[in-house]
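In what follows, every chain begins at residue 1, and chains take the letters A, B, ... in the order their sequences are listed.
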2 protein chains.
Amino acid sequence: MIKSGNKSSSAAEDYLERIQELIEAKGYARMVDIAASLGISQASVTNMVKRLDTEGFVLYEKYRGLVLTPEGERIAKEIARRHRILTDFLSQLGVSSEEVERDVEGMEHHLSLDSLEAIERLCQQLTCHPDLLAKIKHGSNKGIL
Amino acid sequence: MIKSGNKSSSAAEDYLERIQELIEAKGYARMVDIAASLGISQASVTNMVKRLDTEGFVLYEKYRGLVLTPEGERIAKEIARRHRILTDFLSQLGVSSEEVERDVEGMEHHLSLDSLEAIERLCQQLTCHPDLLAKIKHGSNKGIL
DNA sequence: TAAATAAATTAGCCAAGGCTAATTTATGAA
DNA sequence: TTCATAAATTAGCCTTGGCTAATTTATTTA
Ligand SMILES: [Mn+2]
Ligand SMILES: [Mn+2]
Ligand SMILES: [Mn+2]
Ligand SMILES: [Mn+2]
């Protein structure tokens, strides 16, 4: 789903993003950690990691662990950026954090660079126009006084 | 992927949306039309239409055609609304219509009602603030004077 | 260091959603 | 009404991305 270089599916992008997060947080990403973090079985993780290896996104040795390749890291960082921008966007609009999380997790795989950066610039503008945001959020607060 | 009532996959939603469009445009939706419109094989359409029937979204009789059930129509209209709102949104931001089309086709299945309606209100506000839009679009026109 | 536990892998399964090729049914033209 | 063509269906295949259960390897603990 990402532009230049090799193509990666939504699922692959989620794996790469999460693997990168785990490595940043703890220095490594074990199968068991990836599985727990994504809420899927270890067996499924083993399968996908094998595929990510054959596709050149990770280096993987049986029972020995895995690391991201430069290409894998590039995609991980790109998808993390999409995640950040979209999270910021929907949060600014006043959507609850649970919904933001669900929506972003799906949407992040379906945006062109142009759309993403337009939304990024929009967020920037919205930041200096709290009046606009107030009006937008108002509609979601019908029942709250 | 849609809230109340029965759940439908992204693919099912795309089929229902397109079936509805064909019915509106021509009064009927044949397998061959659906296939051409979605760019997939007739065989795949037959399979999916069977599933949409067993799941209660269309009424289908072999060799005789199909119609949407009320539930199928509800989902078709809901996804069409998402399509409209997101198309309007990205278009306002100055994204090219080809990219808008691709992005929307993917994103429309991954938005909560809250997010959708927040974006709808945002579009409304942006309409009365062309100055903001100008600044946002500016970034995408770096090379154009 | 040997046994117990944790982590990882394998085998075999499933559903979704595509495809092509072959067949069947419907339909329009002669 | 018959035949040619168009539309639809069936059969059989594939990939993706899940799952569980069983097994194997690594690690920890006694
Ligand atoms: Mn995601
Ligand atoms: Mn994400
Ligand atoms: Mn779609
Ligand atoms: Mn659509």
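Comparing atom distances between the A:Tyr15 side chain and each of C:dA11, C:dA8, D:dG18 picks out D:dG18 as nearest. You'll find that the side chain of B:Gln42 is closest to D:dA7, out of C:dA7, D:dG18, D:dA7.
Side-chain N/O atoms of A:Ser41 include one lying less than 4.0 angstrom from OP1 or OP2 on D:dC19. The side chain of B:Arg30 contributes no N or O atom lying less than 4.0 Å from OP1 or OP2 of C:dA26. Side-chain N/O atoms of A:Tyr63 include none lying less than 4.0 angstrom from OP1 or OP2 on C:dA6. Put simply, A:Lys50 has a side-chain N or O that comes within less than 4.0 Å of OP1 or OP2 on C:dT10. Within the structure, a side-chain polar atom (N or O) of B:Tyr60 is placed less than 4.0 Å from OP1 or OP2 of D:dT9. The shortest distance between the side-chain N/O atoms of B:Ser44 and the OP1/OP2 oxygens of C:dC19 is below 4.0 Å. For A:Thr46, no side-chain nitrogen or oxygen approaches OP1 or OP2 of C:dA8 to under 4.0 Å.
Side-chain atoms of A:Arg82 come within 3.5 Å of backbone atoms of A:Leu111 as a donor-acceptor pair (strictly under, hydrogens ignored). Using modelled atom types, no side-chain atom of A:Gln92 and backbone atom of A:Leu133 make a donor-acceptor pair closer than 3.5 Å. Under the 3.5 Å distance criterion, the side-chain polar atoms of B:Glu55 are left unmatched by any main-chain donor or acceptor of B:Ser8.
To the nearest angstrom, P of C:dC13 lies 15 Å from CG of A:Asn47. Rounded to an integer number of Å, the gap from CG of B:Leu52 to P of C:dA16 is 11 Å. Distance, A:Asp33 CG to C:dA7 C1': 10 Å, rounded to whole Å. As a whole-Å value, the separation of B:Tyr28 OH from C:dT27 C1' is 13 Å. Following rounding to the nearest Å, A:Glu55 (CD) and D:dT16 (P) show an atom-to-atom distance of 7 Å. For B:Asp14 and C:dA16, the CG to P distance is 16 Å, given to the nearest whole Å. Whole-Å rounding puts the B:Lys62 NZ to C:dA26 P distance at 11 Å. The separation between B:Arg64 atom CZ and C:dT27 atom C1' is 10 Å, rounded to whole Å.
A ring-centre distance under 6.0 Å is not found for B:Tyr15 and B:Tyr60.
Annotation: of the two residues near DNA chain D, A:Ile40 and B:Ala43, the 5′-most nearest-nucleotide partner is B:Ala43.
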Test side chain to side chain contact (heavy atoms under 4.5 Å, CB included) on A:Glu17 and A:Glu108; report intermediate values, then the result. CA-CA 11 Å; A:Glu17 182 186 12; A:Glu108 63 187 357; 3.4 Å; yes
